[in-house]
2 protein chains.
Amino acid sequence: MNKGDTFRPEEDRPGAEAAPESDGAVSLYELEESLGFLLRISQVRAYERFYAAFDEIELRPGEFSVMWVILRNPGVRHGLLAETLGIKPAQMTKMIRRLEVQDRIRRVIPDDDRRSVRLYLTAGGKAFVREHRDAFFGHDDYHNHGLSEAECRQLAHLLRRYSGVGRRTDN
Amino acid sequence: MNKGDTFRPEEDRPGAEAAPESDGAVSLYELEESLGFLLRISQVRAYERFYAAFDEIELRPGEFSVMWVILRNPGVRHGLLAETLGIKPAQMTKMIRRLEVQDRIRRVIPDDDRRSVRLYLTAGGKAFVREHRDAFFGHDDYHNHGLSEAECRQLAHLLRRYSGVGRRTDN
DNA sequence: ACGAAAATCTTTACTTGGAAACAATTTAAA
DNA sequence: TTTAAATTGTTTCCAAGTAAAGATTTTCGT
């Protein structure tokens with residue numbers, strides 16, 4: 001596939017910017033095929049939808065995921081949690097502290113390895129997850145993208161493959 | 001705001017399938033179906049691949065996209081460019097200034113509307129885009145995700161639909 | 001057993017991103 | 001016209017993210 005054939009700079013002569021003078025809509029051309037670009041734009045949209053859905057309560061995008069994983073993997077280590085969710089350790093420390101101050105999680109330093117930190121949800125944390133679980137996973141927050149149920153599953157499948165998430169259990 | 005006053009021992013029914021003490025790998029369960037989560041993880045991977053591919057030259061993810069769109073839409077306005085690429089105006093101002101200092105783009109304030117700023121690539125900017133175009137759009141930077149050509153196109157298609165990219169704004 | 005190296009998390013200092021206020025210009029209204 | 005409102009981009013200031021160094025604790029080699 002030769003891509004050079006479509007490469008035609010609109011404005012070539014020096015000092016001649018009289019050409020098309022882009023005004024109305026902007027053309028992206030090959031950018032609309034770039035996975036990196038599309039992933040970024042899509043994530044910006046996802047964040048907008050998240051904040052629109054969880055406007056009333058004080059919740060940031062990563063916090064629910066962290067609480068969810070701790071609920072499902074009680075006693076998970078700080079570092080393993082960070083690695084799994086693609087959050088940098090330093091950032092995870094801040095988030096964990098915030099959740100601890102809100103009395104949603106509990107930090108436990110085990111005796112068999114006092115370097116590590118094991119994480120648990122408090123009763124309040126469990127209640128919080130239970131309360132907002134449907135809003136987070138359900139279709140309430142994701143019903144504005146115009147994709148069908150089957151397309152959503154297809155997209156999720158491709159994203160799992162692209163990112164390598166869930167290597168063990170995924171097909 | 002304590003709703004459950006009954007104290008229970010540590011293991012308060014963590015979940016149907018979850019082990020009491022998570023040690024090895026972490027299970028994500030429903031999180032592996034969440035488009036928001038998968039989009040974030042995928043974008044983290046895409047950034048890692050971008051930085052790995054453009055390690056030697058000084059280039060940030062958004063900069064090439066901005067130069068590309070200016071090349072294809074010479075004279076595009078600052079604000080329209082920001083809106084199209086999902087970049088906040090304040091951030092765009094910084095990026096534009098950096099690219100201007102590097103002598104890759106040129107800012108022109110037109111006489112017919114002296115509030116706006118029209119953007120053009122310099123000769124050096126055009127050369128830069130021409131030089132790295134294939135590395136950016138080609139498969140060099142995206143050949144580690146394990147998706148086939150057809151799957152890439154399918155993923156791009158779904159992401160365009162999800163994000164609404166390329167949809168004409170009629171206002 | 002002892003000291004070096006590795007593992008694990010935290011802290012610090014710096015960079016990047018964003019919301020809101022600001023400045024300049026153009027359009028609309030009175 | 002003259003003033004108010006909207007448009008467009010910039011600046012300021014604060015929050016969020018990250019890399020590098022630090023502090024403990026454990027492991028490993030000798």
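Bear in mind the structure is a predicted one, so any value in this text is a computation, not a measurement. Naming: A, B, ... by sequence-line order, numbering from 1 per chain.
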* Pair A:Glu151-B:Arg161, salt bridge (charged side-chain N to carboxylate O under 4.0 Å, His left out): steps then yes or no -> CA-CA 10 Å; A:Glu151 286 171 327; B:Arg161 300 245 334 241; 3.0 Å; yes
* Check the pair A:Arg153, B:Glu33 against salt bridge (charged side-chain N to carboxylate O under 4.0 Å, His left out), reporting the backbone distance first and the verdict last. => CA-CA 8 Å; A:Arg153 279 197 301 273; B:Glu33 290 293 332; over 6 Å; no
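- For B:Asn73 (side chain) and A:Val26 (main-chain N/O), no donor-acceptor pair under 3.5 Å exists by modelled atom type.
- Mapping heavy-atom proximity under 4.0 Å, the span of DNA chain D touched by chain B runs 5' to 3' from D:dT7 to D:dT11.
- Of the possible polar contacts, none joining the B:Arg160 side chain to the A:Leu38 backbone as a donor-acceptor pair under 3.5 Å is found.
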* Asked: What string of B, S and - do you get for nucleotides 3-19 of chain C, 5' to 3', when a contact is any protein heavy atom under 4.0 Å?
  -> ----BSSBB----SBBB
Would you be so kind as to tabulate the donor-acceptor pairs closer than 3.5 Å made by side chains of residues 87-97 of chain A, with sequence neighbours excluded?
{"unit_1": "A:Thr93", "atom_1": "OG1", "unit_2": "A:His78", "atom_2": "NE2", "d": "3.4"}
{"unit_1": "A:Thr93", "atom_1": "OG1", "unit_2": "A:Pro89", "atom_2": "O", "d": "3.2"}

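- Under the 6.0 Å distance and 45° angle rule, A:Arg45 does not count as a cation-pi partner of A:Tyr51.
- Judged by distance alone, the side chain of A:Arg104 and the main-chain N or O of A:Thr122 form no donor-acceptor pair under 3.5 Å.
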